[in-house]
Structures are given as structure tokens and as C-alpha cells.
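Read through the structure below, which is laid out as C-alpha cells, and then see the notes.
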2 protein chains.
Amino acid sequence: MSRVTIADVASAAGVSKTAVSFAFNNPERLGHATLERVLGVARDLGYTPHPAARALSMRRNGTIGVLIPQRLSTVFANPFLSELIQGLGELCEEHDLTLLLVPPLDGSLESAIRQASVDGFISLGLSPDDRAFEVLDGIGIPTVLIDSEDSFGHPVVNVDDRGGAEAAAKHLLQQGHRNVTIVLLPPARSQVESTPTATRRLAGYHAAFEAAGAPPPETVTAGVSIAGGTRAFESLPRGKRQPTGLLAMSDMAAIGVMNAAQAAGVRVPEDLSVVGFDDIPLSAWTNPPLTTVHQPIVEKGRLAARMLIERMKGRGVDSPAPLNTSLVIRGSTSAPRNSDLPIGRR
Amino acid sequence: MSRVTIADVASAAGVSKTAVSFAFNNPERLGHATLERVLGVARDLGYTPHPAARALSMRRNGTIGVLIPQRLSTVFANPFLSELIQGLGELCEEHDLTLLLVPPLDGSLESAIRQASVDGFISLGLSPDDRAFEVLDGIGIPTVLIDSEDSFGHPVVNVDDRGGAEAAAKHLLQQGHRNVTIVLLPPARSQVESTPTATRRLAGYHAAFEAAGAPPPETVTAGVSIAGGTRAFESLPRGKRQPTGLLAMSDMAAIGVMNAAQAAGVRVPEDLSVVGFDDIPLSAWTNPPLTTVHQPIVEKGRLAARMLIERMKGRGVDSPAPLNTSLVIRGSTSAPRNSDLPIGRR
DNA sequence: CCGCTTTATTAAAGCGGTTTATAGGATCGT
DNA sequence: ACGATCCTATAAACCGCTTTAATAAAGCGG
């Protein structure tokens, strides 16, 4: 036996399909008696309007899509997305919307975008030249960008990545670190270039070093995961040339580094200072607690969702100013053990 | 200007709608020349089939829904769901499916279920008597349950909650703890009763105490969050009657307890041993590392998704045996300081 | 008792695709 | 030269619901 349709209800109640539809969506247009009868029959039959049919005819899905640049298993290993969804979720529930996670299907985010029955998209970390934008523009679904670049047709929610990174680097420099390594974010979409976020953070780091007259640091790339950080640590030079400070673009990588370092007998922060980025909840609980750049992730989600919902109502919205970041100094940073600084000699 | 439809492409290419449809879904039924032409025109016009229309006529959405019993903001504060989604996500991507998060809308999970355009549901922690099941059965969408109870029409994926809990309690008892408090999971859906998971875990705890001839422990209830654990600790009796051991039904609550305890000058594990449940990644990183019951969350997601996909293909599947749990002993448990055990006197 | 509003109800036209059944040629064997 | 066969391409029905425009019935003042 198949699904019960509006026609079934209509004939069972001895009315037209229109009447049934009105009973649910426009009850005041029906006489009291018929209304009751239709509703009763519908309940008895267990009728539920077919969502796709409804969406087709109403031009509304009641869903917003989150464009995920990577595989769900890798991206959900990082608490960042969880927090973001908390923010998005608040607004969604407030507006009776559900949230569709849209990762690349069969490797292609473009085709996943086409498949998605949504009223709006939130896109994460897309580069300006991502192919996905062509598709997005083609179908004309309102979109709000997060961690991307301005000067698209779409409004963007960003945080002050550059400022945060600069503060982090300055902190290390002030403590006397001169031999620092940067742990880069991996490129998001298998393209060669790095993400807008990574680019801005790197610029912030470099600015601080330049201002201090220090040479630009070495870099390694690490996936946003503890394992990624572990690998990053292992690729670091040892002995004399081992850095005394480390600027990671993600907390997860930073924590992986700390872990690997301690396992290798390198003490944090005595032998190696490490600074993360994001300030995920976990970072307050590591041993030692991680010094990191705080960004308001939940708020970012809330703001983006609020903007998208406005756009879905047809109202235009402008990109807000980047949200503030701030350095949170905890226990993973200190002055280097044998400072090379010219305090005394040696 | 509105969206490009199949009719637009058809007339622009001088063919019928059927031809356009075939060009995408049944290319071998078209002559080579027309196929090329249609595809070309479609590309030029930026045509993308309307997902809802497609879903209506094909009876397939390419989406599976995750029924979330609580608000997204509360449930995503717990890494449990992140891990589960990693597992679900793997299978989804493999099968070209997207994932729809379905929390209660306007407080009602039932109405959210109706709205959702999905081909299958994964439901989390629903009690046997949840109203949602009526709706679910009414619309006849394949469903797989996680952390629920067997003996529904739907297959269930569970872990050995009872065994895990029993091992945890036994561990504390063997260390000599006699004054233990249990931190309960809150009821999931604002109904009075507790979740199936909580019930099974409680039974496991009690079984161990009974076997040891110890009186059943006191209980407090705490939300699955660090803040919830903090509140739980504060509600504990102080001084002489303060428990020496604590069995939490979630790692998040356990971590909150540890945190609050240490802030109050109570040392873990010297003054208070705490055991969690779930073994979320964070638990290995707390200070001290948390002793907890491990359950294979990612695997649970994978398995449930695999089963659901089978069901969506029309094949029947049986509930598998509960997945194994195991006690992971880390640093948050030890023998109680002043054991009340009759080793000596007093 | 008539013309005019209101009110209650419905037929039919979408929404944008897919799919079945069918028609029009071209090809082919005889 | 002719019917059978094979390809292509299409008309039309359908998926299940919403909504506009129209109709039938009822109420009403004069």
C-alpha cells in the first residue's frame, strides 16, 4: 500500500482536493463543519502532505544548506564545525528551518549543490575562484559566505584573522622567540592555492615578524586534526635548529604538536611554545592549556544564518565588519629556554 | 529573471522536454547530434534540474534525515554527535547522499519529520513510546534507530550500555569505593521517563553494586555538557558525606565534575574518582585523563547508515548484536583516600 | 421577489521534472 | 516495390500539492 495522498483524503471526505489543502493551509476559507470533517478524515487516514510536492508548488523547502568543502569525516573531526552549527541551529529552529549538510558528492561539490533542495546556502571557506560559484550563481539561490573573501555577489561573514594572527606572532616575539615555525592550514578543495582564511592569517604572522625586524619563519602544512599536528611536529628539524616557538593555524594541529612534542620528551612550553587558532572548547582543557587566538565561532554561525534568512526574504544585506579575534594566553607559551636574544651574551 | 527550466532548454534547442530529460538521464536514447546540441544549449543557459521537481517525479530525494531529539545548540555541544556524523557521512558520500539534520521545529519533532524531504531516517535515542513513531510509521519512510530499544518495526543499532556501565561500577568498587554517586543522563524529549540508553546504563551500575553487596548509590541528573557536570558537583553533599567515587553517564558531565571539583580544592582522583561514558576524544586530553567507558561511536554511525541504505533499497535488515563497550582506565580513578573498607579499623 | 454581496466550494492550471506509449522515418531483406 | 525492423523524437500522462478564478448557494436590504 502506497502513501496516502491529498486525493485520497478528498474523496474519503467527499470534498475536493482544494478543500483539503485549505483545511491545512487556509482553514478560515472553509465552513466550520467541513473543516472538522476534513481534518478528522485526514487524521484517521494518517495523511501527511508530500514534502517534495509541497516544495515544488510553494517554492519553499524549509531548508538551508551548508556547503562543506571537504569530506564530512574529516571536517567533523574538528570541533569548529560543531560550534558553527550550534549558531546556525539556533536561528534555524527559530525560523522553522532544517539544516542540510552538503559535502562534495563523488568528489564534486558542484553536483552536490545542484542536487540540494534548499532555500539558501551557507558556504564555508570557499576561494573566490572556486567552480562552485558558477553553479551557485546559475541557480540563483541566496548565499552567505563564511571565511571567504568579499567582493562577490554574496555577503561574507569573516573574523579578523589577520589581526588575530598578528597578535599571536607578536606574543611569541615579545617572549623572545626568534626561531619560529608556522603550521599552515591545508588547501581546502584540492586546489593548489590556500584558503582565504589561511592567506589572511599568514599575512598577519608575517606582518608581526616584519615589524620586529625578524626574518619570515619557516612553514609546514598540517591537516586540521591532532594526527595532522603530530605529523607536523615530526617534520620539524631537531637539535640546534629546532624551533622554540610554533604558530599553528588551528587548535587541533597545535594540540597534536603538543602531544607529539611531549611524547618525544620536548617540554611545552619550556622547550617549545605553541599557539593555536580558533579557541575550540578543548583548548582550555589540554595539558598545558593552549594559548590560542579566540574567534567567536557560534556567533559567526548565528550572524551568517540571520543574514541568510534576511536574504531569503528578498531583503538585501551587506557584509558586516569582520568579527573580533583576541589572543587568549594560557599555559602553552613562555619565554624560550636559552634565549638567543642579546640580553647578556651567549 | 527566473530560473531556467527544462522547457526553456527544450525550446531553445528546438526539441521536446523529453529530449532534454533524456539528454541527462538516458543519453543513449538520443541521436548523437541532438544529444550534443541539447547538452550545449543546457550548458549555455546554465540549466540545472529543479531538485524538488525531480524528487517529486523520481520519488527519490538523495537525502537521509537525522532525527535529533533536542535543540541543535545543545546536542552539538557534545562531541558525540560529531563523531556519529563522521560515520554516517562516510556512507552518505559513498552513496551520493546528503545529510539533513532534523531537530524539533517549534518544539515538535513530529512536525519536523513531516516537513523533511528524505528517503530515510536515522533516529537518535528515541523512547519506544515517543509520539514521533506514529508519524514515522504513517509516512512509511525506512528508519534505523540508534540508542533506542528493539522490538519496534525498525532495526536498532545499540552498544552494550549495560555491560559498559557494569564494568565502570565494578572498577570503582574494586578500588574500594563504597560511597558513590551516579550522574544520570537527562530525559531527552521533555517527557518524564529517561532514555533507553540511560535506563540500560543505570541497570548496569546497579547490577555491579548488587553483586558486590553494596547499597544502590545516590543519583543526580546532569545535562550532557561541562556546565551540567559543574552543577552536578555543586549539588553533591560536602564533608563527611561527600562521595569518593562518581559514575557519570557522559564524558562531558564527568569533565565538568572534575573541573568543578578541582576548582573547589577537591583533588581528582585522590579525593574523588570519576568515571565517564562514551570516550569522546577530549577525554584523553583532560587533566587527569578521564577513565571512561569506550563505545565505538563512528562505527555506530557507519553501521546504522549502511543498514538504512539497505532498507532504502527495499531489502530487509535485522538489528545487529549490540556493539562492544570497554572500560578505558586512565588517570581519574584510584583507591579512595580514607577507605571505609574494613582493612584495619576506623 | 429581485439584484447584489458574502460565503462556501471546486475545477483547472500550474510547479518542473520523468516516463510510457506512440508516431515518423530511414534501413533492409526479398 | 513493400512490409518488417530499428532508431529518433515526441505527445501526453503523471508525481502530489497549491492557488487562482469561477460557480453555486445563501443572506439581505429594499
Side-chain angles (χ1 to χ4, degrees), chain A residues 1-39 41-42 45-62 114-119 138-141, chain B residues 1-39 41-42 45-63 111 114-119 138-141:
Chain A
M1 52 181 163
S2 168
R3 179 174 190 127
V4 30
T5 80
I6 198 174
D8 299 331
V9 177
S11 76
V15 295
S16 69
K17 295 190 311 177
T18 312
V20 180
S21 179
F22 281 163
F24 287 97
N25 309 313
N26 244 330
E28 69 278 5
R29 289 196 51 175
L30 249 38
H32 186 67
T34 24
L35 176 59
E36 295 290 286
R37 181 157 39 93
V38 171
L39 256 25
V41 171
L45 263 48
Y47 168 68
T48 288
H50 192 298
R54 201 156 211 274
L56 176 58
S57 109
M58 304 227 299
R59 294 103 185 288
R60 174 183 197 275
N61 299 90
R114 290 185 227 267
Q115 281 201 28
S117 270
V118 303
D119 302 319
I139 56 186
I141 293 182
Chain B
M1 52 182 165
S2 168
R3 180 175 189 126
V4 177
T5 81
I6 198 173
D8 299 331
V9 178
S11 76
V15 296
S16 68
K17 294 193 312 179
T18 311
V20 179
S21 179
F22 281 164
F24 287 98
N25 311 312
N26 245 331
E28 69 279 6
R29 289 196 50 175
L30 248 37
H32 186 65
T34 23
L35 176 56
E36 295 290 288
R37 181 156 40 92
V38 171
L39 255 26
V41 171
L45 264 48
Y47 168 67
T48 288
H50 191 297
R54 203 156 208 276
L56 175 58
S57 110
M58 304 228 300
R59 297 107 185 289
R60 173 182 198 273
N61 298 91
T63 300
S111 71
R114 289 184 227 269
Q115 281 199 31
S117 270
V118 303
D119 302 320
I139 56 187
I141 292 182

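Residue numbers start from 1 in every chain, and the chains themselves are labelled A, B, ... in the order their sequence lines are given, proteins ahead of strands.
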Any side-chain heavy atom of [X] within less than 4.5 Å of one from [Y]?
X	Y	result
S117(B)	N61(A)	no
N25(B)	M58(B)	no
T5(A)	H50(A)	no

Are [X] and [N] close enough that a side-chain N or O sits under 4.0 Å from OP1 or OP2?
X	N	value
Y47(B)	dG17(C)	yes
T18(A)	dT10(C)	no
T34(A)	dA8(C)	no
T5(A)	dG16(D)	no

Determine which nucleotide pairs with dG30(D), using a 3.5 Å limit on both distances of a Watson-Crick or G-U wobble pair.
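WC or wobble partner is dC1(C).
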Scan N26(B) against the nucleic acid and name what it touches under 4.0 Å (heavy atoms): base, sugar-phosphate only, or nothing.
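The residue N26(B) makes no contact with any strand.
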Just checking V20(A): base, sugar-phosphate only, or nothing, at a heavy-atom cut-off of under 4.0 Å?
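Contact class for V20(A): none.
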Output yes when a side-chain donor or acceptor of R3(B) lies under 3.5 Å from a complementary backbone atom of T48(B), and no otherwise.
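Confirmed, R3(B) side chain pairs with T48(B) backbone.
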On a plain distance test, is the side chain of R29(A) in donor-acceptor contact with the base of dT9(C) below 3.5 Å?
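Present.
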Among dC17(D), dT18(C), dT18(D), which nucleotide has an atom closest to any side-chain atom of A53(A)?
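Ranking dC17(D), dT18(C), dT18(D) by closest atom to the A53(A) side chain puts dC17(D) first.
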Interatomic distance where [atom1] belongs to [X] and [atom2] belongs to [N] [whole Å]:
X	N	atom1	atom2	result
M58(A)	dC15(D)	CE	P	21 Å
K17(B)	dG16(C)	NZ	C1'	7 Å
Q115(B)	dG16(D)	CD	P	19 Å
R114(B)	dC17(D)	CZ	P	13 Å
R54(B)	dC17(D)	CZ	P	21 Å
I6(A)	dA12(C)	CD1	P	17 Å
L56(B)	dA13(D)	CG	P	18 Å
R59(A)	dG16(D)	CZ	C1'	15 Å

Could you say whether L35(B) or S57(B) is positioned toward the 5' end of DNA chain D, judged by the nucleotide with the nearest heavy atom to each?
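Residue closer to the 5' terminus by nearest nucleotide: L35(B).
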Kindly give the heavy-atom pair with the smallest separation between F22(A) and L30(A), and that separation in Å.
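Looking at all heavy atoms of both residues, the closest pair is CB-CD1, 3.8 Å.
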